[in-house]
Every structure is written in C-alpha cells, then in structure tokens.
Amino acid sequence: MKFTTTLFAAGAVIVSVYSAPVRRAVDPNLVPDFGITAGTNPTGTGDCDGTTGADGKPILVPCACPPERNSFIDHLSADVAAGHAVNNPSVAISFPTDDSVQSEIARITAVLISLQNLNGPGVGCPAASTDLLKKQKALQDGTATTDTAPAAPVANADSSSDAAASGVDPSLVPDFGIVAGVNPSGTGDCDGITGPDGKPVLIPCSCPPERNSFIQHLSADVANGFAVNNPDVAINFPTDDSVESQIARIGAVVISLQNLNGPGVGCPAASTTLLAQSKALQDG
C-alpha cells in the first residue's frame with residue numbers, strides 16, 4: 001500500500017508538470033501588442049475604427065475588437081497548448097519562443113489565428129482590428145523593431161557554491177530522446193515527438209537544449225529545491241533506483257526544461273520522450 005501511494009504521488013508530479021503549459025503556455029512578453037484600442041470612434045451601429053486602410057481611412061471593425069489583452073492571452077495559451085485553434089481544430093497553431101525573425105512572424109500568425117477564431121470557427125476579431133499585418137510585413141522587409149521582450153536569460157548554474165556542490169549525477173539524468181533541429185519548417189519550428197495523429201509535434205528548433213549545459217541548469221534547480229526561474233515550482237531529484245525516484249527525476253527534468261528561460265518559458269515536454277518514459281515506468 002505504501003508503494004502504491006508513493007507511486008501515485010510521483011505520478012501526480014508528472015500530471016502537474018504536463019498540465020502546466022495549459023495554464024501558461026504563452027509568455028505574455030512574447031505576445032505582440034494589438035496596436036489598436038477597442039471602441040475608438042464608434043459609429044453607433046456597432047462598428048469602430050480599426051487600422052488605417054490603403055485609402056488612408058480607418059477600416060471599420062466590431063467595437064469589441066481587439067479583445068482585452070489578458071483574457072486574450074488566456075485564450076491564446078489554450079490554443080498553443082492544444083496545438084490548434086480550440087474553436088477551429090483544423091487550423092494548426094505554433095508559438096515558437098526564440099528571438100529569430102521567423103519566430104516573431106510565426107508568433108504574429110498565431111495571434112491572428114487565435115483572434116480570428118476567438119468565438120468559433122472563423123468567428124472572432126478581424127486582422128484589421130490590429131496592426132499585426134503591418135508589423136509582420138515590416139519584419140519580412142527587415143524594417144521592423146520588435147515590441148516583444150526577449151526571453152529571460154537562463155539563470156547561471158554556477159551562481160552559487162551550493163549549486164556546484166550539489167550538481168546532479170549526469171548518469172541519473174534521463175536522455176531527452178529527441179534531437180534538436182530535425183526537419184526545420186523555416187518558421188522556427190522543428191519536429192518533436194510523434195503526436196496522437198501520427199504526425200510530429202512542432203517544437204522550437206532550439207529544443208531540446210544541449211545536454212551538458214542543461215545539466216548545469218538542472219543542477220542549480222536541484223540545489224535550490226525549486227526552479228530558479230520559477231521559484232513557486234518545487235523540484236526534487238532523488239538518487240536511488242526505485243521506480244518512484246526514476247519517475248520523480250523525469251518530473252524534475254521536465255520542470256527544469258519548461259522553465260529554462262523564465263517562468264513557464266523553455267522547451268515543451270514534446271521536445272522529449274520523457275512523458276512516454278514516465279508512463280512506461282508507471283505501467284511497469
């Protein structure tokens with residue numbers, strides 16, 4: 001009975017880790033501003049001014065568009081976590097987190113997809129309720145300045161003697177099972193694990209990270225007892241050979257990966273086979 005209870009607790013760690021991106025799949029700093037304020041110059045018939053059209057006049061858009069930013073980011077996060085527009089599942093969505101121009105363009109596309117399917121398939125806010133298409137063109141033309149913040153830097157794994165002294169044993173760190181940079185799409189995405197549909201899940205091409213540098217980062221997390229880039233998330237890395245401890249170590253690696261560059265900003269679990277490894281351990 002004690003074993004069963006412990007195994008359930010260890011499994012709960014993995015469930016919690018896996019569901020974390022649903023709550024914060026998107027770093028708000030990486031979501032471009034709409035550039036338009038809702039409710040500008042209402043006509044009295046439900047329309048307001050959107051972006052300026054080719055004729056120099058404002059394009060009329062619903063006065064409710066664009067939506068309130070925080071609630072929209074919640075919706076976008078759900079889309080990104082699902083890998084498609086939740087209100088229009090046939091439309092795939094990707095939100096890479098690196099600083100390349102291709103990834104900035106891909107993030108704008110993700111925001112537009114989420115906006116245009118906000119309330120149902122093709123039912124939402126038009127692109128004209130933002131200046132995102134202009135930003136996207138400027139990026140393509142090389143004339144843009146980004147209004148999104150770069151990902152937070154990785155905490156220095158050697159920032160304390162404790163971290164160095166408590167470095168994890170590399171032989172206990174499970175392999176990612178995926179190689180970074182496989183089959184690049186040209187928009188910052190590459191192939192990750194195979195999804196339920198039999199197709200590769202798209203992940204940032206920089207994921208998973210180089211193993212040795214990651215182990216340094218993991219060591220700092222373990223030394224502190226929490227993710228250094230997300231202190232609210234505890235981390236545990238037991239060193240015995242029990243199944244429970246192997247599962248807990250996988251949980252620690254997933255947490256460290258998902259908070260590699262900031263709170264909830266890192267590499268997704270889909271950039272590894274770790275969840276499959278954990279399930280295999282649980283299934284015996």
Side-chain angles (χ1 to χ4, degrees), residues 14 17-18 20-21 24-27 29-30 80-84 92-107 109-110 148-158 167-222 227-230 233 235 237 249-280:
I14 297 300
V17 169
Y18 189 59
R24 53 185 181 205
V26 169
D27 177 359
N29 291 324
L30 294 178
V80 172
H84 55 74
I93 199 167
S94 175
F95 197 89
T97 58
D98 65 272
D99 295 331
S100 68
V101 170
Q102 298 97 317
S103 291
E104 291 184 65
I105 291 172
R107 289 195 291 269
T109 298
T148 57
V154 178
N156 184 353
D158 297 319
V168 300
D169 179 354
S171 69
L172 294 178
V173 179
D175 287 336
F176 295 134
I178 297 288
V179 178
V182 174
N183 195 24
S185 66
T187 60
D189 295 325
C190 288
D191 287 357
I193 61 170
T194 302
D197 59 359
K199 298 178 181 179
V201 177
L202 293 182
I203 60 172
C205 286
S206 58
C207 294
E210 191 276 326
R211 180 174 170 86
N212 290 335
S213 61
F214 171 73
I215 289 176
Q216 290 181 347
H217 179 85
L218 174 65
S219 293
D221 286 349
V222 172
V228 292
N229 286 329
N230 196 355
V233 181
I235 200 166
F237 195 89
R249 288 196 292 268
I250 290 175
V253 169
V254 173
I255 288 172
S256 197
L257 270 175
Q258 292 178 332
N259 295 280
L260 194 61
N261 302 315
V265 182
C267 289
S271 65
T272 74
T273 61
L274 292 172
L275 294 181
Q277 293 178 42
S278 177
K279 186 177 187 303

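The shown structure was predicted, so the numbers you read here are calculated from the model rather than taken from an experiment.
- With hydrogens and angles ignored, the 3.5 Å screen pairs a side-chain donor or acceptor of Asn229 with a backbone N or O of Asn259.
- Closest non-hydrogen pair, Asp98 versus Ser103, comes out as OD1-OG, 2.6 Å.
- Within the 4.5 Å cutoff, the side chain of Ser219 has no heavy atoms near those of the Phe237 side chain.
- Looking at His217 and Leu257, their side chains never come closer than 4.5 Å, going by heavy atoms from C-beta outward.
- The only option from Thr272, Leu274, Val201 that meets the side-chain contact (heavy atoms from CB on, under 4.5 Å) definition with Ile193 turns out to be Val201.
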Output, in order, the C-alpha distance, side-chain angles, deciding distance and verdict of side chain to side chain contact (heavy atoms under 4.5 Å, CB included) for Ile255 and Asp221.
CA-CA 9 Å; Ile255 288 172; Asp221 286 349; 5.7 Å; no

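- The one candidate from Ser213, Pro208, Pro209 that meets the side-chain contact (heavy atoms from CB on, under 4.5 Å) condition with Leu260 is Pro209.
- Without hydrogens or angle criteria, Arg211 side chain to Phe176 main chain gives no donor-acceptor distance under 3.5 Å.
- Counting only distance, with no hydrogens or angles, the side chain of Arg249 and the backbone of Val173 share no donor-acceptor pair below 3.5 Å.
- Nearest heavy atoms, Pro96 versus Pro204: CA-CG, 4.5 Å.
- Residues Asn261 and Thr97 have side chains not in contact (no heavy-atom distance under 4.5 Å, counting atoms from C-beta outward).
- Distance alone, capped at 3.5 Å, places no donor-acceptor pair between the Ser256 side chain and the Val253 backbone.
- Taken together, Cys190 and Cys207 fail the criterion of an SG-SG distance shorter than 2.5 Å.
- Residue pairs meeting the side chain to side chain donor-acceptor pair (under 3.5 Å) criterion with at least one member in residues 177-190, sequence neighbours excluded, are Ser94-Asp189, Asn183-Asp191, Ser185-Thr187.
- Scanning both residues, Val254 and Ala269, for their nearest heavy atoms gives CG1-CB, 4.4 Å.
- Taking both residues in full, the closest heavy atoms of Pro268 and Ile203 are given as CG-CG2, 4.0 Å, listed atom of the first, atom of the second, then distance.
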